[in-house]
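Have a look at the structure below before the remarks.
Counting starts at 1 for both ligands and their atoms, following the listed order.
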Amino acid sequence: MLEIAPSVLAAHPLYVARDVKRLVDAGIKVLHLDIMDGHFVPNISFGPAMVSSLSKEFPGIELDVHLMLAEPEKYTDTFMKAGAHSITIHSEISADLLPILMSIKRAGIKAGLSVKPGTQIDRISSYLDLIDLVLVMSVEPGFGGQKLIPDTLPKISLLRERGFTGTISVDGGVNLENSREVLSYGANRLVMGTAAFTAEDPKALFDQLLST
Ligand code: DX5
Ligand code: ZN
């Protein structure tokens with residue numbers, strides 16, 4: 001079942017609740033929260049206070065937290081307490097992935113792994129039986145508003161060929177024009193920042209995407 005996950009990074013920083021409510025009213029059930037530390041990626045976004053505020057303001061919405069952090073192991077508990085329903089860490093970090101993923105699963109939270117454009121699926125193959133979600137970055141992580149890199153998409157079908165039946169989410173430069181192609185590879189969640197938050201008529205956009 002296809003899910004659209006607007007990335008709050010693209011909301012107006014002074015009017016996040018207003019912008020998110022507009023998309024929730026348009027039928028959104030999942031929010032994507034890009035947490036950036038200025039080390040793993042050359043940008044800093046927002047922290048656990050944003051997650052807990054959104055959790056209180058929009059209790060029925062699934063919070064899909066994407067940790068673009070060099071040391072996510074230091075913050076998983078904090079984001080779980082803040083209300084994250086899923087936590088995705090990057091496969092490129094230096095720490096051992098298994099204990100971090102196990103700690104997320106033990107807490108009853110969905111665990112995800114993300115691969116940057118230059119990272120091959122082999123890097124996460126041994127975790128596919130454990131994780132609930134793979135986040136395929138279709139741009140270099142760090143900034144919204146970039147152009148989708150088509151060469152990242154074959155990773156999706158490779159994951160399906162290797163028997164991964166969990167959520168495959170694509171993050172970066174996704175819009176109405178390229179969504180059909182992205183879905184044709186086997187993705188079932190589209191992270192959309194700019195396309196979702198700048199849409200004139202978000203409900204029409206989501207209806208069109210969900211009828212793809
Ligand atoms: C990159 C971010 C962006 C964001 C989506 O690190 O993760 O990909 O969520 O932004 P758009 O949809 O504007 O590319
Ligand atoms: Zn993201």
Side-chain angles (χ1 to χ4, degrees), residues 2-13 16 19-20 22-23 26 28 30-48 50-51 54 61-70 72 75-76 79 82 84-93 104 110-119 124 131-153 155-156 167-183 187-200 202 205-206 208-209 212:
L2 171 59
E3 293 173 311
I4 313 293
S7 168
V8 173
L9 189 72
H12 188 300
V16 173
D19 290 0
V20 167
R22 187 165 172 265
L23 302 189
I28 280 306
V30 185
L31 274 182
H32 185 81
L33 299 158
D34 285 312
I35 312 297
M36 302 178 181
D37 63 359
H39 294 281
F40 185 77
V41 290
N43 194 4
I44 297 174
S45 57
F46 41 77
M50 176 68 84
V51 177
L54 286 166
I61 300 298
E62 179 175 334
L63 301 181
D64 171 36
V65 173
H66 175 193
L67 297 182
M68 286 167 270
L69 308 179
Y75 299 96
T76 45
F79 281 100
H85 297 99
S86 66
I87 291 182
T88 296
I89 62 173
H90 265 268
S91 56
E92 299 87 2
I93 60 170
I104 296 168
K110 283 185 260 183
L113 274 177
S114 184
V115 284
K116 297 201 294 188
T119 303
I124 63 170
I131 60 178
D132 306 283
L133 178 149
V134 174
L135 181 65
V136 175
M137 292 307 297
S138 38
V139 295
E140 277 305 321
F143 298 90
Q146 301 178 73
K147 207 167 159 0
L148 181 140
I149 303 167
D151 289 354
T152 59
L153 300 180
K155 293 179 194 177
I156 303 165
T167 299
I168 300 180
S169 183
V170 180
D171 182 355
V174 178
N175 56 39
L176 186 59
E177 291 64 43
N178 59 34
S179 55
R180 185 181 295 272
E181 183 190 10
V182 173
L183 296 173
N188 61 321
R189 178 177 287 181
L190 302 177
V191 173
M192 298 174 83
T194 308
F197 282 94
T198 61
E200 283 283 301
L205 170 66
F206 301 145
Q208 247 185 299
L209 285 162
T212 303

What is the closest protein heavy atom to atom 5 (C) of ligand 1, and at what distance does it sit? Asp171 OD1, 3.5 Å

Output yes when a side-chain donor or acceptor of Asn188 lies under 3.5 Å from a complementary backbone atom of Leu2, and no otherwise. no

Closest to atom 6 (O) of ligand 1 by heavy-atom distance, out of Ser138, Pro6, Gly142, Ala5, is Gly142

Near Gly144, which atoms of ligand 1 are under 4.0 Å from a heavy atom of that residue? 10 (O), 13 (O)

Look at ligand 1 and say whether Ala10 reaches it with a heavy atom at a distance under 4.0 Å. no

Between Leu148 and Leu153, is a side-chain contact (heavy atoms from CB on, under 4.5 Å) present by the stated rule, with each step listed? CA-CA 9 Å; Leu148 181 140; Leu153 300 180; 4.1 Å; yes

With a 4.0 Å cut-off on heavy atoms, does Met36 reach ligand 1? yes

Could you list the atoms of ligand 1 found under 4.0 angstrom from a heavy atom of Thr194? 11 (P), 12 (O), 13 (O)

So if I count the atoms of ligand 1 from 1 in the order they appear, which ones are less than 4.0 Å from some heavy atom of Gly172? 8 (O), 14 (O)

The Zn ion (ligand 2): protein N, O or S atoms [distance under 2.8 Å]: His32 NE2, Asp34 OD1, His66 ND1, Asp171 OD2

Does at least one non-hydrogen atom of Gly145 fall below 4.0 angstrom from an atom of ligand 1? yes

Give the numbers and elements of all ligand 1 atoms closer than 4.0 Å to a heavy atom of Asp34. 2 (C), 4 (C), 7 (O), 9 (O)

Could you tell me the residue and atom name of the protein heavy atom closest to atom 12 (O) of ligand 1, and the distance to it rounded to 0.1 Å? Gly193 N, 2.7 Å

Please lay out, stage by stage, how Leu54 and Ile61 fare under the test side-chain contact (heavy atoms from CB on, under 4.5 Å). CA-CA 9 Å; Leu54 286 166; Ile61 300 298; over 6 Å; no

SB check Glu3 Arg189 (cutoff 4.0 Å): yes

Taking heavy atoms and a distance under 4.0 Å, where does Ser7 meet ligand 1: side chain, backbone, both or neither? side chain

Enumerated ligand 1 atoms positioned under 4.0 Å from heavy atoms of Gly173: 11 (P), 12 (O), 14 (O)

Going by the order shown, which atoms of ligand 1 are within less than 4.0 Å of some heavy atom of Met192? 12 (O)

Which donor-acceptor pairs under 3.5 Å do side chains of residues 33-46 form with protein atoms, sequence neighbours excluded?
| unit_1 | atom_1 | unit_2 | atom_2 | d |
| --- | --- | --- | --- | --- |
| Asp34 | OD1 | His32 | NE2 | 2.9 |
| Asp34 | OD1 | His66 | ND1 | 2.8 |
| Asp34 | OD2 | Ser7 | OG | 2.7 |
| Asp37 | OD1 | His39 | N | 2.7 |
| Asp37 | OD1 | Phe40 | N | 2.7 |
| Asp37 | OD2 | Ala70 | N | 2.7 |
| Asn43 | ND2 | Gly142 | O | 2.8 |
| Ser45 | OG | Asp34 | O | 2.6 |
| Ser45 | OG | Met36 | N | 2.8 |

Kindly indicate, with the supporting measurements, whether the criterion side-chain contact (heavy atoms from CB on, under 4.5 Å) is fulfilled by Leu113 and Thr88. CA-CA 5 Å; Leu113 274 177; Thr88 296; 5.6 Å; no

With nothing but distance in play, are any N or O atoms of Met137 less than 3.5 Å from an N or O of ligand 1? no

Test side-chain contact (heavy atoms from CB on, under 4.5 Å) applied to Met137 and Thr152, step by step: CA-CA 7 Å; Met137 292 307 297; Thr152 59; over 6 Å; no

